[in-house]
J.: 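Structure below; questions to follow.
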Amino acid sequence: MKNAKEVSAICKKYGVNLFLDCCRIAENSYFIKEREEEYRNISSKQIAIEMFSLCDGAVMSAKKDALVNMGGFLAVKNKELSEACKNLLIITEGFTTYGGLSGRDMEALAIGLEEVFDEGYLKYRIKSTSYLGDRLHAMGIPLIWPIGGHAVYIDAKALYSNIPVNQYPGQSLVCQLYLLGGIRSCEIGSVMFGKYDDNHELIPASMELVRLAIPRRVYTQSHIEYVIEVFERILLEKEKAFGIKITEEPKFLRHFTSKFEPIYKSKLENDILKKRMLNF
Ligand SMILES: Cc1ncc(COP(=O)(O)O)c(C=O)c1O
């Protein structure tokens with residue numbers, strides 16, 4: 001909150017509108033409650049209201065803290081700007097109440113925004129994520145610290161120091177997690193942010209991370225325990241992890257649709273991997 005207040009003051013001073021990406025507003029409010037002394041006895045919802053008071057508007061991907069499977073919104077305080085946005089929407093998409101969503105989805109979204117501020121829910125959610133992070137950390141899995149609210153970020157470059165960065169250690173871990181345990185995760189490293197130089201050599205991203213994002217109100221404690229067990233196997237089979245090459249990639253945002261192949265070190269390894277994929 002302290003940081004947001006400072007940003008808001010700078011924006012006001014220079015006449016710049018401040019828009020909040022509020023997709024994790026409830027989880028972040030909970031962190032403010034935990035970490036900023038003067039907010040300890042204030043509800044997460046009240047903290048969120050204060051955060052919004054600092055802004056001129058907000059955008060939200062409702063798949064996050066609105067607890068729904070799809071949708072989002074733009075909220076604008078200034079009436080003129082709001083009218084301009086609405087007019088543009090009517091011309092390009094449809095009437096504002098359509099929201100680009102069916103009515104039932106918008107109702108679910110409105111209810112989700114209420115329910116997400118339940119302190120019991122938020123406590124379980126944040127504790128469940130930090131439990132996973134604490135356990136992986138204790139096992140010696142390198143990760144980003146402190147643990148966030150919605151995800152645990154694994155440092156794949158440190159974990160798979162045996163895989164060079166141009167063979168995408170993050171993507172390799174994503175594949176291993178799926179092959180060994182059916183766990184879906186997301187690379188946030190050189191597949192996502194890498195660039196090529198003039199000789200088509202990779203200019204790597206600054207970090208090779210893998211995000212274990214945890215859907216809200218989906219998993220129980222035993223699912224989290226299962227993820228930890230799979231990481232025990234990841235550690236045991238660390239040396240067997242393979243590098244990755246990109247075989248097809250679009251011009252933009254390649255992490256969404258690229259195709260990959262493992263880089264085998266030997267024919268034997270190739271056969272083992274194929275068998276494992278077939279078994280899976
Ligand atoms: C902070 C933040 N804003 C926006 C988005 C985009 O959400 P969507 O998938 O609905 O486009 C994401 C997705 O993870 C996000 O983390």
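Both ligands and their constituent atoms are indexed starting at 1 by order of listing. Scope of the values below: all heavy atoms of this structure, side chains included, with no hydrogens, waters or symmetry mates.
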J.: Do me a favour and list the nearest non-hydrogen protein atom to atom 16 (O) of ligand 1 with residue, atom name and distance?
T.: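 Here the closest protein heavy atom is R24 NH1, 3.0 Å.
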J.: Would you say H150 touches ligand 1, if touching means a heavy atom closer than 4.0 Å?
T.: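 Judged by the 4.0 Å heavy-atom criterion, H150 does not count as contacting ligand 1.
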J.: Out of all atoms in ligand 1, which are within 4.0 Å of some heavy atom of K63? Include the element for each.
T.: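 Heavy-atom distances to K63 below 4.0 Å select 8 (P), 9 (O), 10 (O).
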J.: Can you pull out the closest protein heavy atom to atom 5 (C) of ligand 1? Residue, atom name and distance to 0.1 Å, please.
T.: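 Answer for atom 5 (C) of ligand 1: K64 NZ, 3.6 Å.
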J.: Other members of the hydrophobic cluster containing I49, with the 4.5 Å side-chain heavy-atom rule, please.
T.: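 I49 shares its hydrophobic cluster with no other residue.
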J.: Using a strict 4.0 Å threshold on nitrogen-to-oxygen distance, state whether K2 and E6 make a salt bridge.
T.: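 Salt bridge flag = yes for E6 with K2.
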J.: Under a single-linkage rule joining Ile, Leu, Val, Met, Phe, Trp and Tyr whose side-chain heavy atoms are separated by less than 4.5 Å, which residues share a cluster with L81?
T.: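 Besides L81, the hydrophobic cluster comprises F19, V59, L74, V76, listed by chain and residue number.
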J.: Could you check atom 8 (P) of ligand 1 against the protein and tell me its nearest heavy-atom contact, residue, atom and distance included?
T.: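 Checking every protein heavy atom, the shortest distance to atom 8 (P) of ligand 1 gives S61 OG, 3.4 Å.
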J.: Output yes when K157 and E208 qualify as a salt bridge under the 4.0 Å nitrogen-oxygen rule, no when they do not.
T.: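 No, no charged N to carboxylate O under 4.0 Å.
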J.: Hey, can you tell me if Y153 and H150 have their rings parallel, tilted or perpendicular (30° and 60° cut-offs)?
T.: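 Perpendicular.
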J.: Using distance alone, with no hydrogens and no angle criterion, decide if E225 and Q221 have a side-chain donor and acceptor under 3.5 Å apart.
T.: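 Result is yes, a qualifying pair exists.
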J.: Applying a strict 4.0 Å limit to heavy atoms, is C23 in contact with ligand 1?
T.: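 In this structure, C23 qualifies as a contact of ligand 1 - some heavy atom is under 4.0 Å.
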J.: How close does the nearest protein non-hydrogen atom get to atom 3 (N) of ligand 1, and which residue and atom is it?
T.: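 Going atom by atom, the protein heavy atom closest to atom 3 (N) of ligand 1 ends up being D21 OD2, 2.6 Å.
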